[in-house]
Amino acid sequence: MKTAIYPGSFDPVTLGHLDIIRRAAACFDKVYVCVMVNAEKKNPMFTPQERLELIRRSVADIPNVEAELWSGLLADYAVERQSRILVKGLRHATDFDQEYQMAAINKGLCHDLETVFLPASAAYQHFSSTMVREMIRYGQPMEKYVPAAVVDELKKRQ
Ligand code: PNS
């Protein structure tokens with residue numbers, strides 16, 4: 001069975017993430033969405049458990065996708081799940097520069113680990129969790145940025 005891991009901090013999951021998840025799920029038998037801590041990103045809007053729950057609700061209709069939390073190294077999670085493929089979405093050159101480095105770090109930690117890049121769909125090229133958090137702060141309608149599960153959660157919090 002060909003499995004892949006789609007890691008990220010997902011604070012919160014966006015329609016851009018969901019697009020990558022669906023496309024990865026069409027390429028692999030099983031995709032693990034791994035909710036992780038990005039040490040560079042302080043003051044998260046959602047707790048890791050909340051982010052996980054929002055992803056689980058958002059992927060409920062995709063049978064070969066499972067979401068989990070992991071607080072350690074991504075390379076260790078890959079070993080744990082016996083998967084050697086990491087999927088990353090690329091929006092622009094800045095993503096490429098960062099992701100190219102991370103791919104090398106992960107390969108250095110675990111030589112069998114390959115990183116596969118999927119280009120962001122044109123509609124989502126400018127999407128980011130940071131942008132979404134900014135829109136939330138200014139009370140913008142969220143339907144065009146995040147999955148319905150996140151919209152529902154935000155409405156409950158208003
Ligand atoms: O969605 P993000 O914040 O761009 O995701 C980055 C993430 C969480 C995938 C990255 O920071 C990460 O892999 N963190 C886990 C710790 C780790 O394995 N570090 C080594 C690779 S850089």
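Counting convention: from 1, in listed order, for ligands and their atoms alike.
- For atom 5 (O) of ligand 1, the closest non-hydrogen atom on the protein side is Gly8 CA, 3.5 Å.
- Results of the salt bridge (charged side-chain N to carboxylate O under 4.0 Å, His left out) test with Glu114 over Lys2, Lys88, Lys107 single out Lys107 as the only residue that passes.
- Note that NZ of Lys155 and CD of Glu153 are 12.5 Å apart. Values are rounded to the nearest 0.5 Å.
- Using 4.0 Å as the threshold, Val37 has a heavy atom nearer than that to some atom of ligand 1.
- Of the options Pro7, Gly72, Ala39, the smallest heavy-atom separation from atom 16 (C) of ligand 1 is shown by Gly72.
- The distance from ligand 1 to the heavy atoms of Leu74 drops below 4.0 Å at these ligand atoms: 13 (O), 17 (C), 18 (O).
- Taking 4.5 Å as the limit, every side-chain heavy atom of Met142 sits out of range of all side-chain heavy atoms of Val150.
- Which parts of ligand 1 touch Lys41 is read off a 4.0 Å heavy-atom cut-off, strictly below it: atoms 1 (O), 2 (P), 3 (O), 4 (O).
- Under the 4.0 Å distance rule, the nearest protein heavy atom to atom 7 (C) of ligand 1 falls outside the cut-off.
- Side-chain atoms of Tyr145 and Gln140 include no donor-acceptor pair closer than 3.5 Å.
- Protein heavy atom in closest approach to atom 12 (C) of ligand 1: Met36 SD, 4.4 Å.
- Taking atom 10 (C) of ligand 1 as the reference point, the nearest protein heavy-atom neighbour is Met102 SD, 4.0 Å.
- Under the 4.5 Å side-chain criterion, counting only non-hydrogen atoms from C-beta, Leu74 is in contact with Leu86.
- Here's the thing with Lys88: none of its N/O atoms is less than 3.5 angstrom from an N/O atom of ligand 1.
- With atom 11 (O) of ligand 1 as the reference point, the heavy atom nearest to it among Val35, Val13, Leu73, Asn38 is part of Asn38.
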Would Asp19 and Ser121 count as a side chain to side chain donor-acceptor pair (under 3.5 Å) here? Give the steps. CA-CA 8 Å; Asp19 179 60; Ser121 297; 2.6 Å; yes
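- Scanning all protein heavy atoms for the shortest distance to atom 21 (C) of ligand 1 gives Asn106 OD1, 3.5 Å.
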With salt bridge (Lys or Arg N to Asp or Glu O under 4.0 Å) as the criterion, how do Arg56 and Glu66 come out once you've worked through the C-alpha distance, each side chain's angles and the decisive distance to 0.1 Å? CA-CA 7 Å; Arg56 284 190 172 151; Glu66 196 175 320; over 6 Å; no
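- The aromatic rings of Phe127 and Tyr124 stand perpendicular to each other, their planes meeting at an angle above 60°, with 30° marking the opposite boundary.
- Contacts with ligand 1 closer than 4.0 Å are made by no heavy atom of Glu40, backbone or side chain.
- The nearest heavy-atom contact from the protein to atom 3 (O) of ligand 1 is Ser9 OG, 2.5 Å.
- Proximity of a side-chain donor or acceptor of Arg51 to a complementary backbone N or O of Phe46 within less than 3.5 Å is detected.
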